[in-house]
Protein chains: 2
Amino acid sequence: MSTDIRPRRRADAERSIVRIVSAARASLSEDPDATIDAIAAAAGVGRMTLYGHFKTRAELVEAALIDALRAGEETLSAVDLGGDARGALNRLLASSWALVAESAALLAAAQGVLPAGRIRDLHAGPGERIEELVRRGQHEGVFRTDLPIDWLVNVVHYVLHGAAEESRDGRIKTADVADVVTATVRSILDRPST
Amino acid sequence: MSTDIRPRRRADAERSIVRIVSAARASLSEDPDATIDAIAAAAGVGRMTLYGHFKTRAELVEAALIDALRAGEETLSAVDLGGDARGALNRLLASSWALVAESAALLAAAQGVLPAGRIRDLHAGPGERIEELVRRGQHEGVFRTDLPIDWLVNVVHYVLHGAAEESRDGRIKTADVADVVTATVRSILDRPST
DNA sequence: TGTAACTCGTACTTCGAAATACGACTTAGT
DNA sequence: ACTAAGTCGTATTTCGAAGTACGAGTTACA
């Protein structure tokens with residue numbers, strides 16, 4: 001599943017690919033319209049080398065996005081989700097918002113060149129993590145059940161993205177973001193008392 | 001403030017401008033990348049006529065956005081904001097989400113060609129309307145005061161946009177959107193019981 | 001150490017859409 | 001009815017960035 005059945009790649013090629021992908025991730029996270037030339041330069045690699053591995057810009061963007069998601073997955077899998085659902089959620093959000101903020105521009109780039117469905121598919125991982133947590137909270141009786149679970153999961157994403165934007169534009173101090181996000185999301189998910 | 005001090009325009013020119021702007025609004029709301037040719041065609045006007053009134057694409061997009069916001073403002077100003085803040089909010093949201101959904105693509109187009117600050121300025125109107133309402137709710141003691149008001153206002157926007165997207169992609173039935181949005185926003189704004 | 005894989009420069013083509021130029025025709029408004 | 005303002009077609013230019021072609025040099029690795 002994760003191993004390519006391709007003809008075989010030389011070690012230096014692997015190295016180039018890694019450098020390119022990570023340069024692409026960095027560049028596109030800065031500027032979603034970063035040019036291929038710029039990315040190649042940032043990777044310290046000739047443009048033609050890049051084209052040797054990624055025939056098209058879309059392919060490159062996709063690889064960068066996948067890499068970012070993989071890294072995010074890695075970070076999030078280190079978060080302790082034990083204990084009650086609310087606490088777990090808080091810890092998860094604290095780690096999540098920074099990831100979202102980091103890759104917001106990259107995501108924008110992807111939205112420009114990849115079909116919406118593809119992007120959604122790639123986000124399946126992070127989505128499931130939250131969905132599972134929401135379900136758990138519902139079973140514990142602390143989270144609401146009066147709205148579709150898909151909406152609950154997605155609205156958390158929207159809030160995270162919003163917070164990332166506010167933070168980027170300096171309307172929320174970085175130190176406050178986590179608190180604001182958790183307070184907001186908690187209000188959304190908590191079982192309404194009324 | 002709203003009347004141009006320009007040299008003077010002929011009646012047919014005014015008419016052309018109106019047709020162009022409204023065609024631009026419609027076209028860009030369908031496809032944020034709509035070409036100038038397409039817009040001119042949709043307006044039933046020659047491309048050169050369009051260029052006669054809008055020197056650049058950005059100018060045209062801005063005019064379309066302003067027009068959409070003006071129309072929205074008009075719709076929203078018809079909403080009765082009397083009574084308690086919660087009820088007023090519900091009515092406001094019910095009208096708002098459809099407007100947001102309608103012009104989501106247009107907004108995307110604007111984000112591509114206009115500076116972020118400019119877009120934010122143009123949105124001042126709708127923002128104030130909600131802000132005022134939130135303040136009122138705070139005075140009535142029903143809305144929370146533990147988060148910055150700017151965030152509360154903006155997060156409502158993010159939720160509206162999210163709902164519009166969910167609706168567009170068919171993940172929420174149109175009939176349900178208003179309920180989902182109001183329930184969600186209400187949870188966000190209500191004074192937390194804990 | 002031989003060779004296939006890889007690197008990478010330079011120069012070129014492609015492409016779509018924005019913007020300009022020019023000029024003939026038509027219409028509004030006094 | 002006169003004239004400036006407005007319409008609009010066609011043709012051309014501009015532009016940036018994506019992608020292609022070719023080929024010489026370099027490196028991994030069996």
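Per chain, numbering begins at 1; letters A, B, ... match sequence-line order. As the structure is a computational prediction, the values presented were derived from the model and not from experiment.
- One can place CZ of A/Phe54 at 11 Å from P of C/dT7, the figure rounded to the nearest angstrom.
- No more than 12 heavy atoms of other residues, nucleotides or ligands shown are found within 6.0 angstrom of CD on A/Glu30.
- The side chain of A/His53 contributes no N or O atom lying less than 4.0 Å from OP1 or OP2 of C/dC6.
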Test side chain to side chain donor-acceptor pair (under 3.5 Å) on B/Trp151 and A/Thr184 and set out the steps. CA-CA 10 Å; B/Trp151 164 252; A/Thr184 305; 2.9 Å; yes
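- A/Glu131 meets the salt bridge (Lys or Arg N to Asp or Glu O under 4.0 Å) test with A/Arg135; sequence neighbours excluded.
- Taking atom CZ of residue A/Arg19 and atom P of nucleotide C/dT7, one finds them 10 Å apart after rounding to whole Å.
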How does protein reach along nucleotides 17-30 of chain D, written 5' to 3' as B (base within reach of a heavy atom under 4.0 Å), S (only sugar-phosphate), or - (no contact)? SSBBB-----BSS-
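- A salt bridge links A/Glu140 and A/Arg136; the closest N-O separation between the charged side-chain nitrogens and carboxylate oxygens is under 4.0 Å.
- Residue B/Thr49 places no side-chain N or O under 4.0 Å from the OP1 or OP2 atom of D/dG6.
- The pair B/Arg15-B/Asp12 does not count as a salt bridge, with every side-chain nitrogen at least 4.0 angstrom from each carboxylate oxygen.
- Counting heavy atoms of neighbouring residues, nucleotides and ligands inside a 6.0 Å radius, atom CD of B/Glu73 exceeds 12 of them.
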